[in-house]
Amino acid sequence: MPPPTPVTPMIRDVLEASLRSALDSVGVQPPETIELERPARREHGDWSTNVALALAKAAGTNPRELATRLVAALEADPPRHVERVEVAGPGFVNFHLAPTWLHEVLTEVVTQGEEGYARHDFGNGERVQVEFVSANPTGPIHVGNGWFASYGDSLGRLLERCGYEVTREYYVNDTGGQIRRLGESVLARRAGRPLPEGGYPSGFVKGLASAYDGPEDVEQAGRWAAEHILRFIKVQLEAINIHFDEWFSQASIEESEAVEETIEELRKSGLVWEEDGAIWLDTGAHGDPRGKRVLRKSPEQGGDYTYLAGDIAYHRNKFLIRGFDRVINVWGADHQGQVASLKAGVAALGVDKDRLEVRIGQMVSLSSGRIGKRLGNAVDLDDLVEDVGPDVMRVLSLVASIDQAPTIDLEKVRADSKESPVYYVQYAHARIHSIGKRASELGVTRAPLDEVDLSPLTHERELEVLRTLSTLPEVVELACVERAPHKVTAWVRELADRFHSFYHDCRVLGDDVPPATTQARLWLVEATRVGLAIGLDLLGVAAPESM
RNA sequence: GCCCUCGUAGCUCAGGUGGACAGAGCGACCGCCUCCUAAGCGGUAGGCCGCAGGUUCGAAUCCUGCCGGGGGCACCA
């Protein structure tokens with residue numbers, strides 16, 4: 001869906017254009033890009049530029065002098081909404097805008113709505129696959145998997161909002177030793193034998209074993225169990241509002257000719273050779289510090305294809321068979337060592353390795369020694385979700401960057417779940433609906449926006465809400481480009497914060513509120529609702545109408 | 001040893017593609033409900049932004065080194 005045309009030219013563009021002509025008029029060559037930022041401090045205005053700092057040297061003057069001349073030029077022909085321009089500090093040029101620019105923001109938000117506001121098209125319909133979680137189906141997924149699940153899903157939502165066509169994929173390791181060990185565990189449990197070396201001790205597997213009534217065959221028992229486990233993993237993920245488009249079977253790669261075909265194709269690169277009975281790939285040619293990797297083991301080692309060979313075949317399928325323009329894999333830091341080899345493999349297939357992006361999330365760990373009621377050393381995702389709810393879980397995992405290695409204190413999380421930032425945000429959303437309800441009880445109806453005068457919106461609390469709202473398009477863009485959904489979390493908290501303050505200080509309804517003010521505020525409230533709805537949706541969290 | 005990543009307030013973290021006196025939540029302390037949900041609001045206390053150099057008009061942010069935490073360097077997946 002293409003983003004709607006802005007109702008008015010963005011203020012930023014207006015300011016930039018004026019700055020260019022101002023630079024021209026003082027005889028300074030305007031730079032390619034003019035930096036315009038929103039100062040951290042209110043008294044520094046609504047927008048600020050450092051051009052004078054940056055260009056003073058080239059202009060043969062000092063920053064404040066240049067800034068002063070720029071201000072004079074700007075004052076001669078002030079841009080729309082600009083109330084005052086001033087030189088500040090070492091040579092910043094600060095723009096102080098009239099509230100009218102924020103009234104335009106309000107109009108923008110409301111007319112574009114949940115669908116349109118802060119939507120971008122720079123993705124150009126590029127087909128992106130986001131592969132995440134992909135945990136082995138040898139037991140329920142745990143809290144750490146859930147962390148990356150939230151991340152991957154929200155990243156997908158951001159990409160969609162920015163014009164990419166997203167496919168969410170879970171790579172199912174349903175093959176080989178993994179499955180055989182699982183089968184052995186099931187059979188051993190069923191027969192009451194001790195678990196084999198490397199077996200799966202979880203209660204879940206134990207439970208499955210008692211339900212298994214198939215033959216005493218390791219493969220079959222393993223497949224059967226994996227299917228059941230996978231079904232449960234789906235339930236766990238759906239419980240936190242995550243739905244995959246594709247559950248891609250590793251067996252489908254390894255049991256077809258795909259790996260052989262891939263190696264044949266790799267040979268064309270001239271980077272494949274045989275040595276000591278094994279097949280090797282020169283990964284160093286494409287930047288892998290390890291230099292070379294085995295694709296097929298020597299006969300003495302069993303003669304199997306390596307995991308890497310299968311993985312390259314899988315990525316050949318992604319790029320060359322299914323034709324994704326870009327692939328983003330979300331991996332835990334424990335897989336970091338695979339990145340360079342895989343990228344080299346992809347490059348050897350003739351695919352630009354920049355089309356493969358691997359986001360490494362740092363390891364999630366649990367602080368409490370006592371981790372779960374079940375055997376094993378992980379806490380199942382559903383156990384936590386059952387206690388704190390999906391929204392707390394999702395936001396908890398989306399407050400920090402994935403470059404942080406969180407240590408989760410589950411006791412604390414459970415005890416403090418009521419204090420979760422989600423509720424702070426959701427409460428703001430609920431309050432908005434409460435205002436709507438109250439309005440209809442009072443028989444107050446909101447007039448059409450184009451008939452409402454927004455000029456009563458001058459209270460600092462009102463303006464703060466609008467300033468935050470004005471920021472969402474850039475936040476969404478940045479969060480998407482940087483693959484950083486936690487920036488949305490921060491924004492949504494800020495908006496809720498501003499709204500709560502407004503709610504406290506500015507009454508929307510009541511006998512002592514002038515009708516014109518009520519009308520304008522009702523629209524301010526609606527704009528806030530739109531902003532919260534967009535933000536919460538990007539986080540995959542509910543926007544409740546009451547709490 | 002080499003590579004990746006982190007080190008910001010008591011705790012959990014924002015900010016990090018350089019900018020103007022360092023932010024939030026929780027915790028602590030003090031206030032605020034005859035009024036649209038107090039899951040809220042306002043205020044106070046609390047930080048040589050790991051350490052040392054360097055680049056720059058300007059560094060929490062960039063570079064180098066060191067210290068500390070996590071992860072990785074298989075013919076394992």
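No experiment lies behind these values; they were computed from the predicted model shown. Within every chain, numbering begins at 1; the chains are lettered A, B, ... in the order of the sequence lines, protein sequences first and strands thereafter.
Within the structure, every pair that satisfies the salt bridge (charged side-chain N to carboxylate O under 4.0 Å, His left out) test and touches residues 502-518 of chain A, not counting sequence neighbours, is listed here: A:Arg461-A:Asp505. Every pair passing ring-ring contact (aromatic ring centres under 6.0 Å, His included) that includes a residue from residues 405-443 of chain A is listed here, sequence neighbours excluded: A:Tyr424-A:His500, A:Tyr427-A:His500, A:His429-A:His433.
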Pick out the pairs of N or O atoms, protein on one side and nucleotides 56-60 of chain B on the other, that lie under 3.5 Å.
from  : atom 1 : to      : atom 2 : distance (Å)
B:C57 : OP1    : A:Lys57 : NZ     : 2.9

Could you list all N or O pairs between the protein and nucleotides 4-12 of chain B that sit under 3.5 Å apart?
from : atom 1 : to       : atom 2 : distance (Å)
B:C4 : O2     : A:Gln336 : NE2    : 3.3
B:U5 : O2'    : A:Asp403 : O      : 3.0
B:C6 : O3'    : A:Gln404 : NE2    : 3.3

At a cut-off of 3.5 Å, list every protein nitrogen or oxygen paired with a nitrogen or oxygen from nucleotides 42-51 of chain B, distance to 0.1 Å.
from  : atom 1 : to       : atom 2 : distance (Å)
B:G42 : OP1    : A:Ser501 : OG     : 3.0

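With sequence neighbours excluded, the residues that form a salt bridge (Lys or Arg N to Asp or Glu O under 4.0 Å) with A:Arg267 are A:Glu264, A:Glu274. Partners of A:Tyr200 according to the ring pair (Phe, Tyr, Trp, His ring centres under 6.0 Å) rule, which considers only residues two or more places apart in sequence or in another chain, do not exist here. Partners of A:Phe122 by ring pair (Phe, Tyr, Trp, His ring centres under 6.0 Å), not counting sequence neighbours, listed by chain and number: A:His120. Residues meeting the ring pair (Phe, Tyr, Trp, His ring centres under 6.0 Å) test with A:Phe502, sequence neighbours left out: A:Phe499. Checked against salt bridge (Lys or Arg N to Asp or Glu O under 4.0 Å), A:Arg359 has the following partners two or more places apart in sequence or in another chain: A:Glu357.
The CD-C1' distance, from A:Gln519 to B:C36, rounds to 15 Å in whole Å. With rounding to whole Å, A:Asp334 atom CG is found 14 Å from B:C73 atom C1'. The distance between atom CD of A:Glu477 and atom C1' of B:U17, rounded to the nearest whole Å, is 13 Å. Between A:Leu442 atom CG and B:C36 atom C1' there is a gap of 8 Å when expressed in whole angstrom units.
Its glycosidic angle being within 90° of 0, B:C33 falls on the syn side.
Within a 6.0 Å sphere centred on CD of A:Glu35, heavy atoms belonging to other residues, nucleotides or ligands number 12 at most.
RNA chain B forms stems at B:1-7 with B:67-73, B:10-13 with B:23-26, B:28-32 with B:40-44, B:50-54 with B:62-66, each a run of 3 or more consecutive Watson-Crick or G-U wobble pairs whose two key distances fall under 3.5 Å.
Under the 30°/60° scheme for interplanar angles, the aromatic rings of A:Trp280 and A:Trp273 are found to lie parallel.
Within residues 420-429 of chain A, the residues that have a heavy atom under 4.0 Å from RNA chain B are, in order of number, A:Tyr423, A:Tyr424, A:Tyr427.
Under 3.5 Å, the side chain of A:Ser48 and the base of B:A20 form at least one donor-acceptor pair of N or O atoms.
Applying the 4.0 Å criterion to OP1 and OP2 of B:C26, one finds that A:Lys418 has every side-chain N and O outside that range. Contact between the side-chain N/O atoms of A:Arg438 and the OP1/OP2 oxygens of B:C35 is not found at any separation under 4.0 Å.
Between the side-chain ring of A:His335 and the base of B:G72, no stacking contact exists by the 5.5 Å and 30° definition.
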